[in-house]
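Report on the structure given below.
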Amino acid sequence: MFPNMSTRVRFAPSPTGQVHIGNIRAAIFNWLFARHEGGRFLLRIEDTDRERSTPEALEAVMAAMNWLGLEPDEPPLFQSTRTDAHIAAAEQLLSNGLAFKEDKGGTGKGDCVIFRMPAGTDSEFDDIIKGRLTKKAEDMKDFVIVRSDGSPVFHLANVVDDIFMGITHVIRGDDHVENTFRHIALYKALGADVPRYAHLPMIVNAQGKPYSKRDGDAYVGDFRQKGYYADALFNYLSLLGWSPGDDREQLTRQELTDAFTLERVRSSASQMDLKKLTFLNGRYLADMSAADFETAASAYAGSPDWLQAGKAARFSEVCRLLQSRTKTLADVREWTYFFDRMPAYEQKAVDKLLRKEGVGVMLSAFVQKLGVVGFDHDSIESALRAAEAEAGLKEGKLNQPVRVSITGITTGAGICETMLLLGKDSVIARLTHAATNLCG
RNA sequence: GCGCCCAUCGUCUAUCGGUCAGGACAUCAGGUUUUCAUCCUGGUAAGCGGGGUUCGACUCCCCGUGGGCGCGCCA
């Protein structure tokens, strides 16, 4: 297969807020298509809405793309720098008689430029995803391409820039389907080749409704913040509206690239499933090398109070112990008991496992035995079994009371491994504290 | 209101006229793990309704229903 260097696609966000999950999915599909075709993936910042475009929003776009590994193949084009070209195109249409000036009135701002939709000509195009789409001439109206204040409107700028950038395939959300008939008319009026179109189905919220500003988890930043790993989110999103055609679901970027075709994209909306994303995320995390996992966990954790200088070695050990049971990097926040002097005791766990007749006495007995043996896995386990036997308990019955005493919670790695990592002094201090202050 | 689009387990999906309608997440039941998670085994669970076309429809056509998008001097 020869790389088709002439294939050029673009992601064209407007920097007016956070990066929506549906938008980034469009970016991913564009990226995948470009890579699969051996073409180029470009970025155009549609920052012509001066009122709403902000530097923060631009930063959010760049951060999201960088995080997901969606670097464009050429420097981004800022649409705001292209105004002269947009106006020149409008002038051309004006002189060709394909557009006209008019004071639509009411605004009192003067003339705007209006594009004349070809009369009596029905419009149609073959969408790679949706198939043949048609629109009757009578259903299409003329539209403004330059505002009365002289600024170009989206349709004009979008088409003129796509022509300028040599875009061959426009892959975008299907909320743009209706615009396409207008855009095609503009291409033809401007004497340019019409690109191929592929309209992606929408992503809807857990209620099956379009995302609204009130929905959580609608933005890329939310997922990053919640501890999702970029590759896992990328993988999950690529499976929303598309599948490789076989039963694979966990695919590397290379596998996704190899398998991706627009023809396999479905045309109905799909719903986010956080449970499945979380499952996939856990798989990615578990499959990472210990070093990579530590890097990711550390990057996510940042420098919280509980993880100050000098704790790096311990952090590595904790990573190794808990990697396999980490679902999202946010789980790292629950590791504090390895670093603080005392754990934060969960009330429910204390009530259930410590506030029972005789538990304090048993824990004290266990402390006694721990004090006189070496502190290795086997010794700890023997001491635990001995304490249980003395109290007339079945093997393992003291595990959970001990766990709550030293970690404050009921879940975690193996109890002996946990004690080993915590260290003898710390374990004894916590058990003693629990036996005297928390048991009933 | 008008125009366009969409419709398979709860969810993501496979199927491109002939399958016991497959897989995954979730869920339920077992097993492993002396906690939890993982992992293993098994179960429940789907073609929106009505007409056609055809020897045969989830698949093709029409109508209906439901949902979405569009109808800006926003993008």
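Keep in mind that what you see is a predicted model, and the values were worked out from it rather than measured. So that the names make sense, note that chain A is the first sequence line, chain B the second, and so on, each numbered from 1.
Between A/Ser243 and the phosphate of B/A14, there is a side-chain N or O to OP1/OP2 separation shorter than 4.0 Å. Within the structure, every side-chain polar atom (N or O) of A/Arg325 is placed at least 4.0 Å from both OP1 and OP2 of B/U35. For A/Ser14 and B/C74, the shortest distance from a side-chain N or O to OP1 or OP2 is not below 4.0 Å. Side-chain nitrogen and oxygen atoms of A/Lys141 include at least one within less than 4.0 Å of the OP1 or OP2 phosphate oxygen of B/G72. Under 4.0 angstrom from either OP1 or OP2 of B/U15 there lies at least one side-chain N or O belonging to A/Arg264.
Taking every side-chain heavy atom of A/Ser268 into account, B/A7 is the closest of B/C12, B/G67, B/A7. With distances taken from any side-chain atom of A/Asp175 to the nucleotides B/U13, B/A75, B/C69, the minimum falls on B/C69. Here B/C74 is the nucleotide among B/C74, B/A14, B/C12 with the atom lying nearest to any side-chain atom of A/Arg147. Here the side chain of A/Gln271 is nearest to one of B/A75, B/C12, B/U35, namely B/C12. Listed nucleotides B/C73, B/A14, B/C12 differ in distance to A/Leu240; the shortest reach to its side chain belongs to B/C12. Looking at the side chain of A/Thr411, the nearest of the listed nucleotides B/C36, B/C69, B/A75 is B/C36.
Between B/A45 and B/A24, the distance separating the two C1' atoms is 14 Å to the nearest Å. B/G67 sits 15 Å from B/U8 when the P atoms are compared, rounded to a whole Å. Atom C1' of B/C62 sits at a distance of 25 Å from the matching atom of B/G70, rounded to the whole Å. As rounded to the nearest Å, B/C60 and B/A14 have P atoms that lie 14 Å from one another. A distance of about 11 Å separates the C1' atoms of B/U19 and B/C58, rounded to the whole Å. The separation of B/A46 from B/U41, taken at their C1' atoms, amounts to 24 Å, rounded to a whole angstrom.
Each side chain to side chain donor-acceptor pair (under 3.5 Å) pair with one or both residues in residues 12-30 of chain A, not counting sequence neighbours, would appear here, but there are none. Residue pairs meeting the ring-ring contact (aromatic ring centres under 6.0 Å, His included) criterion with at least one partner in residues 376-396 of chain A, sequence neighbours excluded, are absent. For residues 383-403 of chain A, every residue pair satisfying the salt bridge (Lys or Arg N to Asp or Glu O under 4.0 Å) rule, not counting sequence neighbours, is listed here: A/Lys369-A/Glu390, A/Glu381-A/Arg385, A/Arg385-A/Glu388. Judged as a salt bridge (Lys or Arg N to Asp or Glu O under 4.0 Å), the pairs with a partner in residues 79-94 of chain A (not counting sequence neighbours) are, in order, A/Arg82-A/Asp161. A salt bridge (Lys or Arg N to Asp or Glu O under 4.0 Å) check over residues 263-280 of chain A, counting only residues at least two apart or in different chains, returns the pairs A/Glu249-A/Lys276. Residue pairs meeting the side chain to side chain donor-acceptor pair (under 3.5 Å) criterion with at least one partner in residues 314-329 of chain A, sequence neighbours excluded, are A/Glu294-A/Ser316. Annotation: ring-ring contact (aromatic ring centres under 6.0 Å, His included) contacts involving residues 241-277 of chain A, sequence neighbours excluded, comprise A/Phe29-A/Phe260, A/Trp242-A/Phe260.
Looking at heavy-atom distances under 4.0 Å, A/Thr48 makes contact with sugar-phosphate atoms alone, never a base. Counting non-hydrogen atoms under 4.0 angstrom, A/Lys209 reaches the backbone sugars and phosphates but no base. Among the heavy atoms of the strands, none lies under 4.0 Å from A/Pro201. Within the nucleic acid shown, A/Asn179 comes within 4.0 Å of at least one base atom, counting heavy atoms only. Base contact: A/His176 has a heavy atom under 4.0 Å from a base atom. Contact annotation for A/Arg248: no contact, since no heavy-atom pair falls under 4.0 Å across all strands.
Remark: A/Arg132 is not positioned above the aromatic ring of A/Phe125, lacking an NZ or CZ atom under 6.0 angstrom from the ring centre and at most 45 degrees off the axis.
Using a 4.0 Å cut-off between charged side-chain N and carboxylate O, A/Asp149 and A/Arg147 make no salt bridge. Salt bridge present: A/Asp162 and A/Arg44 bring a charged side-chain N and a carboxylate O closer than 4.0 Å.
Note: CD (A/Glu51) to P (B/C73) measures 16 Å, nearest angstrom. At whole-Å resolution of the value, CG in A/Leu322 and C1' in B/U38 are 13 Å apart. One interatomic measurement links the two molecules: CZ of A/Arg52 to P of B/G72, which rounds to 16 Å at whole-angstrom precision. For A/Glu263 and B/U13, the CD to P distance is 17 Å, given to the nearest whole Å. Residue A/His199 contributes atom NE2, which lies 12 Å from atom C1' of B/G70 at whole-angstrom precision. Rounded to a whole Å, the CZ atom of A/Arg172 is 13 Å from the C1' atom of B/G70. B/C69 atom C1' lies 13 Å from atom CZ of A/Arg182, rounded to whole Å.
A search for side-chain contact (heavy atoms from CB on, under 4.5 Å) contacts involving A/Ser379 returns A/Val373, A/Asp376, not counting sequence neighbours. Considering only residues two or more places apart in sequence or on other chains, A/Gln347 meets the side-chain contact (heavy atoms from CB on, under 4.5 Å) condition with A/Val350, A/Asp351, A/Arg355.
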So which protein N/O to nucleotides 1-5 of chain B N/O distances come out below 3.5 Å?
unit_1 : atom_1 : unit_2   : atom_2 : d
B/G3   : O2'    : A/Lys135 : NZ     : 2.7
B/G3   : N2     : A/Glu178 : OE2    : 3.0
B/C5   : O2'    : A/Lys130 : NZ     : 3.2

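A/Ser148 contributes a side-chain N or O that forms a donor-acceptor pair with the base of B/C73 under 3.5 Å.
Checking B/C60 for Watson-Crick or G-U wobble geometry (two distances, each under 3.5 Å) identifies B/G52 as its partner. Base-pair partner of B/U27: B/G43 (Watson-Crick or G-U wobble, both distances under 3.5 Å). Across the strands present, B/C20 finds no partner; the criterion is a Watson-Crick or G-U wobble pair with both atom distances under 3.5 angstrom. The partner of B/G70 is B/C2, by the rule that a Watson-Crick or G-U pair needs both atom distances under 3.5 Å.
If you check residues 413-424 of chain A against RNA chain B, the residues with a heavy atom closer than 4.0 Å are A/Ala413, A/Gly414, listed by number.
A/Asp340 places no side-chain N or O within donor-acceptor distance of the main-chain N or O of A/Met342, the cut-off being under 3.5 Å.
Side-chain contact annotation: A/His176 with A/His199, donor-acceptor N/O pair under 3.5 Å absent. Between the side chains of A/Thr278 and A/Tyr228, at least one donor N or O lies within less than 3.5 Å of an accepting N or O.
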Would you give a per-nucleotide map of nucleotides 19-34 of chain B, 5' to 3', where B means the base has a protein non-hydrogen atom under 4.0 Å away, S means only the sugar-phosphate does, and - means neither? ---BBBBS-------B
